[in-house]
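Since the structure comes first, as structure tokens, the remarks are kept for the end.
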There are 4 protein chains.
Amino acid sequence: MKKGNGQLRLEKQAVIFEAALKVFRQKGFHKARIADIAAQAGISYGLVYHYYNNKEGLFNAILHLWWEDLYRLMEKTRQGGENLYQRLRNIILYFLDTYQDNPDLIHIFINEISRSSINLKPRLDYFKKFMVITEGIMADGQKAGFLRRDIEAHYLTYIFLGAMETFISVMVYGDQKIRNDQQKERIANSLLEVFLHGAQNSGQEGAKLQS
Amino acid sequence: MKKGNGQLRLEKQAVIFEAALKVFRQKGFHKARIADIAAQAGISYGLVYHYYNNKEGLFNAILHLWWEDLYRLMEKTRQGGENLYQRLRNIILYFLDTYQDNPDLIHIFINEISRSSINLKPRLDYFKKFMVITEGIMADGQKAGFLRRDIEAHYLTYIFLGAMETFISVMVYGDQKIRNDQQKERIANSLLEVFLHGAQNSGQEGAKLQS
Amino acid sequence: MKKGNGQLRLEKQAVIFEAALKVFRQKGFHKARIADIAAQAGISYGLVYHYYNNKEGLFNAILHLWWEDLYRLMEKTRQGGENLYQRLRNIILYFLDTYQDNPDLIHIFINEISRSSINLKPRLDYFKKFMVITEGIMADGQKAGFLRRDIEAHYLTYIFLGAMETFISVMVYGDQKIRNDQQKERIANSLLEVFLHGAQNSGQEGAKLQS
Amino acid sequence: MKKGNGQLRLEKQAVIFEAALKVFRQKGFHKARIADIAAQAGISYGLVYHYYNNKEGLFNAILHLWWEDLYRLMEKTRQGGENLYQRLRNIILYFLDTYQDNPDLIHIFINEISRSSINLKPRLDYFKKFMVITEGIMADGQKAGFLRRDIEAHYLTYIFLGAMETFISVMVYGDQKIRNDQQKERIANSLLEVFLHGAQNSGQEGAKLQS
DNA sequence: TATGAATGAGGGTTCATTCAT
DNA sequence: CATGAATGAACCCTCATTCAT
């Protein structure tokens, strides 16, 4: 019986969470009202405070979900003994999958987590951790001889993550749908291709570029 | 006399503008108060409304400055007949120069303009225009044979701009100073190097990566 | 069985009552939450409403306990045929004993019952009754020739009760402990001594005071 | 001009202050709403926040007025070289005068300052300072031989202040008016008379009291 | 009895904006 | 031009109380 109640509690909490995702996505953190979220969830606004401490607590729950999932993926991919290419691909696919499965979440990531000035410090800490892990991957790649060593690992990190994030951003802002897995593949490949081999045409013309 | 007054008006407006830059940077748009800006400018808060319509108008002025300057640069670099490498380098240097000369502005760009949900539509339009221009550069590069054609031009754009923006973001959040022009060079070179030639080690080991 | 249940009911009620004492003491009536009291009692907050009508009803129960006990003492001391000195001493000792045995209760008396603006009317009525009884004692004392008649009986009452209450207040606020019965004696004696014989030094110097 | 504006500001602040006195008196701190105070002052509630930080700041202003005035009196009476009798009389008359001139203030003192649990710590500090000053007077009296030395000075303090406060309280709660200066005299005399010479009848009967 | 989910009145506070001076 | 007094919409949050289970 207790378990049943607990389950109900979790379910209701999830309903509020989903509503919050939607509303935060539509209005952004600052303009989202608790009343909006409650209305979206079909409950009274007071009940939101039964399940979450306050607006920021609710937002933090979202933030937490996002990052912990991401960390988990990074950890899994690290333990899986996959090679550099696979690992970078996994990161990209995590974003693309989330884009497909939980567009609200990725929207919030792009607009409210990745940037914007709410709650700066903790947000940055999450971000840094992500960067540090990614940088570890890059360093591994350099050590293993896969990645060039004349560019610092954290520079590679910025370039990779920045490129990916902007990719997602453009899709988010343009409201582009991912129609099928092939499209996901194409995006991931383009990104990795350029990141790994560069944008320059390797033919004769390209060679003249900097001369 | 009229001209003198007009000049005074412009000067006072500039004072408010500078104050707004500082305050918007420190607090973000939503938490910045008109009273803060006025205090920073050393005037009464009522006076702000003589020079700007309202808070959003003031913010738009900043936004406008940023983008118009950027467009101007893009235009100039296009007309200058510079090659692809130079043009991309100019964009990067514009950001790095602004980072040096007007850190408030670049901070606002990163936090409030580039993303975040204030005033979504007009902001996106500015951004799109920037992307379109950049995409034009990429397309030119492809046409001229400098850039590979198997990746769509707008993909190249996302990758380039995303990488650059994240570079700047990290500097902004880490409060890193640019000490000298050599550092700017190094950053620009790293970015361009990876963008153009890729991160992969061109030696033997690197070749095995995707196998 | 019925009796047993009734007893259980009383016990649970007592648990809530004790918890309320503690919480009202710590937070005061306004800041005390039913949830706090329930937590203190180790029950759910809904259950409080099975045993008491509402927050005020719970507080009234405390109030009632305090006053009825006090009235009972006053009645007993009146019937006991004790003399004025004994009767006044009994009142003081009642407060001091309560201070020892039920510090929460005396704390609430000082902070929430004796003054403060909750529930003004009923509280005043309780208080008045107490004053009237005390005034009766004073009047008796005047009639019997023990107390001076040039000061009205209710003035004597104010002075006596006010002095005593402040004594207790200071102890409450200073968190002073009563270590033993001798200390209680000393306090009671000091109070009665000054009340009955005055603070003025009866020697020669004192005589000059008002000249 | 500036001075004139400042004066206006102070006047408006005073209007709000007066309104707050009235409303805090009628409803007590907790039940008083800023909107009530604003309505009483004939202004919008937002304006209250123009002149005071918040509800507590407004209340603190009242508190401050009360205590600083009282301290000032105590200081003046100390420097005036008056004797013990005069000094105690001054304290009593300060309360009675305030009762006449600013009944709201004395009401708030009795209900919200002297007791009740808002903002406990600072309130107690104010109170303690008052007690310490009074205790100094008592100690002076003992040193000068006017007051008996077998009762500790702080005990004398509690008795004196407690008696006085209860006197005032009863007047406040009973909504008694002070009709003329003679009545004030009578009250002050009664209090001092009992405090200094005691309540006991000095005739033969009284002597038997404790036997 | 017992629980705690659910409700919503209620109030404090912020601050953009207006406007009389 | 300049000031800052004045307004009030807006919104977060608390918590007593009810009630289905």
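These values consider heavy atoms only, across backbone and side chains, with no hydrogens, waters or symmetry-generated copies. Source: prediction; values computed, not measured.
- Rounded to an integer number of Å, the gap from CD of D/Gln13 to P of F/dG4 is 15 Å.
- Taking CZ of D/Phe59 as the reference point, atom CZ of D/Arg123 lies at 8.0 Å (rounded to 0.5 Å).
- A distance of 13.0 Å separates NZ in C/Lys22 from CD1 in C/Ile37, rounded to the nearest 0.5 Å.
- When rounded to the nearest whole Å, the span between CG of C/Leu47 and P of E/dA5 equals 15 Å.
- Considering only side-chain atoms of A/Ser44, the nucleotide from E/dG12, E/dT3, E/dA6 that sits closest is E/dA6.
- Rounded to a whole Å, the CG atom of D/Leu10 is 11 Å from the P atom of F/dA5.
- In this structure, A/Tyr51 reaches the E/dA6 phosphate: one of its side-chain N or O atoms is under 4.0 Å from OP1 or OP2.
- At the heavy-atom level, A/Ala32 lies under 4.0 Å from the strands shown only through sugar-phosphate atoms.
- D/His30 places its NE2 atom 12 Å from the P atom of F/dA16, with the value rounded to the nearest Å.
- C/Asp36 pairs with exactly one of C/Lys31, C/Lys27, C/Gln26 by the side chain to side chain donor-acceptor pair (under 3.5 Å) rule, that one being C/Lys27.
- Taking only side-chain atoms of A/Lys55, from C-beta outward, the nucleotide of F/dA2, F/dC13, E/dT3 with the closest atom is F/dC13.
- The distance from atom OH of B/Tyr52 to atom P of F/dC1 is 13 Å, rounded to the nearest whole Å.
- Position along DNA chain E of the nearest nucleotide to A/Val48 versus B/Arg33 favours A/Val48 as the more 5'-ward residue.
- With rounding to whole Å, D/Leu8 atom CG is found 17 Å from E/dA20 atom P.
- Counting only heavy atoms from C-beta outward, the side chains of C/Phe29 and C/Lys55 approach each other to under 4.5 Å.
- The distance between atom CZ of C/Phe29 and atom P of F/dC15, rounded to the nearest whole Å, is 13 Å.
- For E/dA20, the paired nucleotide is F/dT3, the pair qualifying as Watson-Crick or G-U wobble because both relevant distances are below 3.5 Å.
- When both distances must be under 3.5 Å, the Watson-Crick or G-U wobble mate of E/dT13 is F/dA10.
- Toward the 5′ end of DNA chain E lies the nearest nucleotide of A/Tyr45, the other residue of the pair B/His50 and A/Tyr45 mapping further downstream.
- In this structure, the CG atom of C/Leu58 is 14 Å from the C1' atom of F/dT17, given to the nearest Å.
- Taking 4.0 angstrom as the limit, D/Arg9 places a side-chain polar atom (N or O) nearer than this to OP1 or OP2 of F/dA5.
- Less than 6.0 angstrom separates the ring centroid of D/Trp67 from the ring centroid of D/Phe127.
- Between E/dT13 and D/Tyr49, a contact under 4.0 Å exists linking OP1 or OP2 to a side-chain N or O.
- For the pair A/Lys31 and F/dC11, the criterion of a side-chain N or O lying under 4.0 Å from OP1 or OP2 is not met.
- When heavy atoms are screened at a 4.0 angstrom cut-off, D/Ile34 is found touching the sugar-phosphate backbone but no base atom.
- Looking at B/His107 and B/Leu21, their side chains never come closer than 4.5 Å, going by heavy atoms from C-beta outward.
- Taking only side-chain atoms of C/Ile43, from C-beta outward, the nucleotide of E/dG11, E/dT7, E/dT3 with the closest atom is E/dT3.
- Of the side-chain N and O atoms in C/Lys12, one or more sit less than 4.0 angstrom from OP1 or OP2 of E/dA2.
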